[in-house]
Amino acid sequence: MPVIRMTDVCKRFGDAVAADRLNLEVEDGEYLCILGPTGAGKTTAMRMICGLTLPDSGTISFDGEDVTELETAKRGATMLSQQYSLFPHMSVMDNIMFGPMIKEWDPEDSKKIAANLLHMVHLESRSKERPTHLSGGQQQRVALARAMASGSRILLLDEPLRALDARLRLELRKDLKSMVKSMGLTAVHVTHDQDEALEMADRIAVIRNGRILQVGTPREVFDTPATPFVANFVGRSNVITGKVSSREGDTISVDCGPVTVTAMDPVHGIGDDVVVAVKIGNTRISKKEEGFFSGRIERILYEGVSITVEIAVEGLGLISSKLPNRKFDDYSEGDEVSVRWMPSAASVFDIPECGLEEELRVE
Amino acid sequence: MSLIKTVDEISSNPRNRKAWLALACVIFAVIIVIPAVYVIFSIPSNWSGIQDVLSDSAMMSIIWGAIWNSFSLAFIVTIIDIIVGLPMAWMLVRKSYRFGKYLDTFIDMPLAFPTVALGFSVIVFWGCPEGITVPGTGLVVDPYLMVILLHIIFTYPYMVRCLSGILEQIDTNYETAAMTLGASKWTAVRTITLPLFRAGLVTGFILCFARSLSETGGTYIVLRMMGATTLDVTGFFTGPTLISTIKDIPETDSMPVLILISSLLIVFALLMLFVAKAVMTRLRIPWRKVWPQFGRRVSGRKVAGTKDVLAFLFALIFVLLPSFYIFVCLGTEGTYSDYGGFLGAVGASFLVAGAATVFDVIFGVPVAMYIARNRGTKRAELLDNLVNVPLIIPTTALGVSLGLFWGQLGLSSMGMLLVIFGHISFTYPLLVRNLVGAIEEVDPSYEEIARTLGAKPFQAFRKVLLPMVKSSLLAGAVLAFTRSLGETGATQAIADVSTVPIYIVDLINANDYFGAAVSSVMLIAICFVFMFGLRIVISRMGGKD
Amino acid sequence: MPKIKLEHVVMRFGTVTAARDINVTINSGEYVTILGPSGCGKTTLIKMISGILHPTEGRVLIDGADVTDVPIEDRDVGYVFQNIALFPHMDLKDNVGYGPRVRDMSREETDAVAEEYLSLVRMLDRSGYLPSELSGGEQQKVAIARALASGSKVIMLDEPLSALDARVRVELRYDIRRLVKKLGITVLHVTHDQEEAMSVSDRIILMRKGTIHETGTPLEIYRDPKSIFAAYFIGETNLIECTVVKRTKKGNTQVVLRDGSVTRVAGIRFEVGDPVVLSVRPEHVYTANDGIRAVVRDVVFMGTYWRVRTEADSQDLIDYNISADTDTPSKGDVVYLVFNKKAARLFARPIQGLQEEIVLE
């Protein structure tokens, strides 16, 4: 049975829709990321799970038990907030002991729990200090220990890495997840960072305008996106529009003005207007082989583990291709290259009702 | 302990929390808002008496004169405060002079002085009243000017506080950004910082205006000692002092006059509040036109330095020196022996101030919480505006109104209780405003996190929010307490309870200037002990972090 | 002639030294990022160039002229703040036109300039909006237009993207670079995000603890870092403590890991017996039939590739990448790892310990 289940949950703030028939299930021990742009309603979804915001309609249940009306304190869902919100008037130790103190557990036991957690987050030596004296990363670990000490089985993480330096963030992704997993907690992690979600999540729920667009494993969300937005938000995509001109089995040809491309798609018929999206990482370029079309390399960006090549294609604008860094020496700016992709790597969608530009907007 | 636990439990039900808030609101309405404006509704039942007053043209010209004086004085004083308060606030917030810390403390001091003591001190410093052997400057003989000089002293600290509070909140990056775009310091401040300042100006304006409008004791003493409190053409009154003067005349039935003056004061004051808000929020500080050359010239160090020196000199000559001049009076010859009477008055003052403050804390906290945590909702805004109403109403008029309201309910014999109610009215906003500001500074996520960790709402309040705002709560309480201790007009208008300020006014009325001076100094000493006690407590709290 | 030059610049705040003996030269039209962890002094550096801070010692030169004592408003250095700082009471056009206006341009000229720069960042259709009506990314674009519209040929970007969503950040960083390159502006861009620095700059200045740690093009620093910290901070890398055991005739160095397993690295900079740290990036680690024995701990999907996290018998944690369309090993599998010996680097082992050397905060 899923630990958390949200059924048809709706929430409005004035005119703004924060949750529009939200349905979500989180399994026991799962690490789920809610991924979406600012204002998508991800934080609202999380606040409704722990009861800090009450839904207008719909139900929320834990272990099959309806908790929609239950007060926050009794839900047993603990939140780790973006700014950590460590109580400034208490020492690190007292912060961690807050949950046990409120719940009036046996002081000896509580102390043992707190000591263990302090050890786990490597902060034994700082237990008497005020949180303001700690660095950002240390504060984050104290907040995590505090949340874990409260004995909740559900941990809600509200952009827990946002306030940290980029490099540190990268390091802490691994640590955070392994600590949560080692305690056997069920975690819901809200983030706007698709790399973070891909790396940390067991499953990702992509949310926008209060709606869940897709739920799936990182690989599913990345490889088979449900909408053009998901395709472009979770890893950049080249997105082009055209008309289906022919079909051969599951492979269709799409006429996109000056060029024709192919894609795998069992659904659309000849004459349909469609959007084709291909991850820039799946967009291949070549100087020798034939492609769907060709263009001139405008710029090559060396980005570390990969390089991004921007190709100006007549009639399509800029097409990007992400390649392993060892290809850097193979190309230079001004080269004519052909562009192609595996038909199975392309996703095909209907033209979105709101217009493609609006659909792809990332903020 | 078990009581607290019970409250913890009760607090977990949202219905109970709503009920508690509703109760606090009802009490706030019944004890504070309704009695404060009741006088206006008593006009019909006293109409015949009022008609007599209206047809008495001599009386009416005195009344109109007094009201005109009150409002014009308050306006002039507030404008002066803004002009001289701005550079001072700037200096305190943006400059790091070594004496800045001390200046900060000194500016606050007049707030701890009861206004009767200030009035006495000012008249001795600027004027040269008969019967006083202390050498004054004797520069000022005009009562209007004298009252302005007095009112500047106790409104100036409010303005400086208010402006520096806003200034601290404005991100300096705006100004820096303007300067990287080529604007001189002066141009940047004028076109960027000042236009962002409006909210602070509105609050400062209303606070100072209301305080000046409301003041009775000090003004009365100044006018009395200048011999200007005769009820004829030679007299000079402000609204509140006119009320206390008329009230002091025995035998005649002065009620209709009092009702009329009070109603006029209240109505005009409320009008003023709305007009001020409307005008100030529409006020645009022009930023489109620039004069780069002129800006460059006045951005130099010399101009800035001169401005700082002038701001400091103003504070010294017009605020600090006149306030402290009263201590010189102690050096004169004279006898004072009525310590029993003084102590009795102190007892009454403490009882009133203490009871009012305790009430403020108990019923102010939930209202403050509600306002701070529901900003932007209509109900919270309404409550916020209502809380400020007693602040703008002159306390003397408030006293008259309160006396009438509770008198209707047959409580007029319980003088002490009514005085306490009166003091609650004008101290409550002080505490609530302070607390709202403090709570708004605390990110709600602290309480929310506490609740997800298992804390019930009252536990989250008690263990998390309260410790974080307790210094502000304490500051608010002390502010309320000292304000109550120094209040004259309301007490006088409600009942014959001899608090210290009343005691001092009585001494002045009896021409016992030396006695008045000694009592004033003793009252100042008491207030100071309080303020210092507070500073120590607060610095201890801060010291832990 | 270099556009900006810092000579022996020192900045102290009380007892804290935020910058010590900085010497930097920035060429005209160059896009340079200053990269480093929080508190390394990178923002202090650009604040000194723009005149917001006055250096305790040393000289700042712009176009060859000493501007150390020139006030902010006369330096003509644009500055874009992390928190954006658009004037909240002015609409976009007035914001962008602020620079020209305070330089006493006429109303018509001011409007023309404002419109020109707003259209450059594709925000002209919103010129009457207030900043609060825009999203974060849009606000930052306007802030950049405002800095450029004042006529500055040099702009400082103070973590311009860190307040924005990750996805917006990626989009905007390319936009910014395109724009400033088109206009030939010299840019100093401060960031703590190594990925951002890699993808926009002509040159990266890596700062640490108030000093310049290393400088180079993104390619140079990534491929051939001069220090352990640079290798670790810019891009991900595996750091393995080992000892030199042999220098081969072919010009390779043979090193031994803690458990005795052996691997080779090209080059012979170290003597036999030297304690060293081997740095090899995950994309240069491959599986083979023989090599360093390791157990798979985790397999993570990274979009275009899989990241396999392993623990070697030497207790070193070694990550490697495999292409997204290949089969992945499972947790607990044993794999044998070899390194691309030309891409791996050796560094002297730091005296204070490896962990201390790479500490991030």
Side-chain angles (χ1 to χ4, degrees), chain A residues 36-39 135-138 162 164-171 173-174 177-178 191-201 217-219 222-223 232-236 279-282 298-299 301-308 310 318 320 322-326 328 342 345 361-363, chain C residues 35-39 135-138 162 164-172 174 177-178 181 191-200 217-219 221-223 232-236 281-284 297-298 300-307 309 317 319 321 323-325 340 343 358 360-361:
Chain A
T38 297
S135 69
Q138 289 169 336
R162 182 161 208 169
L164 301 171
D165 267 16
R167 188 62 183 82
L168 191 60
R169 210 145 51 194
L170 230 50
E171 258 349 84
R173 280 179 193 168
K174 301 177 236 175
K177 184 174 179 185
S178 69
T191 181
H192 60 84
D193 187 335
Q194 66 288 342
D195 288 340
E196 190 175 302
L198 283 177
E199 188 171 341
M200 294 183 75
T217 63
R219 176 138 215 198
F222 191 87
D223 283 349
N232 188 43
F233 192 75
V234 185
R236 295 169 67 204
K279 288 271 146 53
I280 61 168
N282 290 330
E298 281 233 317
R299 207 148 59 89
L301 297 165
Y302 192 85
E303 298 182 316
V305 65
S306 57
I307 60 172
T308 299
E310 291 183 347
L318 278 184
S320 299
K322 189 172 172 180
L323 304 169
N325 60 13
R326 61 174 187 275
F328 181 76
M342 306 282 291
R361 234 158 45 88
V362 291
E363 60 171 355
Chain C
L35 176 66
S38 290
S135 69
E138 291 167 337
S162 62
L164 309 173
D165 271 12
R167 191 64 182 79
V168 181
R169 222 146 47 195
V170 174
E171 227 47 30
L172 195 52
Y174 297 128
R177 175 164 168 127
R178 251 177 237 131
K181 281 288 168 192
T191 180
H192 57 74
D193 186 338
Q194 43 99 11
E195 209 183 296
E196 188 176 305
M198 295 286 285
S199 62
V200 294
T217 64
L219 185 70
I221 293 196
Y222 189 83
R223 274 198 187 165
Y232 175 75
F233 194 81
I234 298 177
E236 287 174 281
R281 302 204 182 271
E283 66 265 30
H284 298 133
R297 292 279 176 238
D298 204 0
V300 183
F301 184 67
M302 307 286 277
T304 42
Y305 57 88
W306 294 93
R307 163 73 42 89
R309 301 196 203 286
L317 299 174
D319 294 354
N321 297 347
S323 158
D325 41 24
N340 177 338
I358 59 170
L360 288 171
E361 52 174 15

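So that the names make sense, note that chain A is the first sequence line, chain B the second, and so on, each numbered from 1.
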Max heavy-atom pair count under 4.5 Å with chain C, selected residue of [options]:
| options | answer |
| --- | --- |
| A:Q138, A:E171, A:R326, A:E196 | A:E171 |
| A:G137, A:G39, A:G235 | A:G137 |
| A:K322, A:M200, A:R162 | A:R162 |

Between [options], which residue shows the highest count of heavy-atom pairs closer than 4.5 Å to chain A?
| options | result |
| --- | --- |
| C:E195, C:R169, C:E171 | C:R169 |
| C:G235, C:G303, C:P282, C:S162 | C:G303 |
| C:R309, C:E236, C:R281, C:E138 | C:R309 |

Counting C-beta onward and ignoring hydrogens, is there a side-chain heavy-atom pair between [X] and [Y] closer than 4.5 Å?
| X | Y | result |
| --- | --- | --- |
| C:Y174 | A:L318 | no |
| C:N321 | A:V305 | yes |
| A:N232 | C:R167 | yes |
| A:Y302 | C:T217 | no |
| A:E310 | C:R178 | yes |
| C:M302 | A:E199 | yes |
| C:V300 | A:K174 | no |

Grab the two heavy atoms, one from [X] and one from [Y], that are nearest each other, plus how far apart they are.
| X | Y | result |
| --- | --- | --- |
| C:F301 | A:D223 | CZ-OD1, 4.3 Å |
| A:A166 | C:D193 | CB-CA, 3.4 Å |
| A:N325 | C:R223 | O-NH2, 4.1 Å |
| C:E283 | A:G304 | OE2-O, 4.4 Å |
| C:A166 | A:H192 | N-ND1, 2.7 Å |

Within this structure, what is the [atom1]-[atom2] distance for the pair [X] and [Y], rounded to the nearest 0.5 Å?
| X | Y | atom1 | atom2 | value |
| --- | --- | --- | --- | --- |
| A:S306 | C:M198 | OG | CE | 9.0 Å |
| C:E196 | A:E303 | CD | CD | 11.0 Å |
| A:L301 | C:S199 | CG | OG | 6.5 Å |
| C:L219 | A:I307 | CG | CD1 | 10.0 Å |

Can A:L170 and C:Q194 be said to form a side-chain contact (heavy atoms from CB on, under 4.5 Å), step by step?
CA-CA 11 Å; A:L170 230 50; C:Q194 43 99 11; 3.7 Å; yes
Heavy-atom cut-off 4.5 Å, strictly under: side chain, backbone, both or neither for [X] against chain A?
| X | result |
| --- | --- |
| C:L164 | backbone |
| C:V200 | neither |
| C:Y232 | both |
| C:R307 | neither |
| C:N340 | neither |

Checking A:R299 against chain C: side chain, backbone, both or neither under 4.5 Å from a heavy atom?
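Answer is side chain: those atoms of A:R299 sit under 4.5 Å from chain C.
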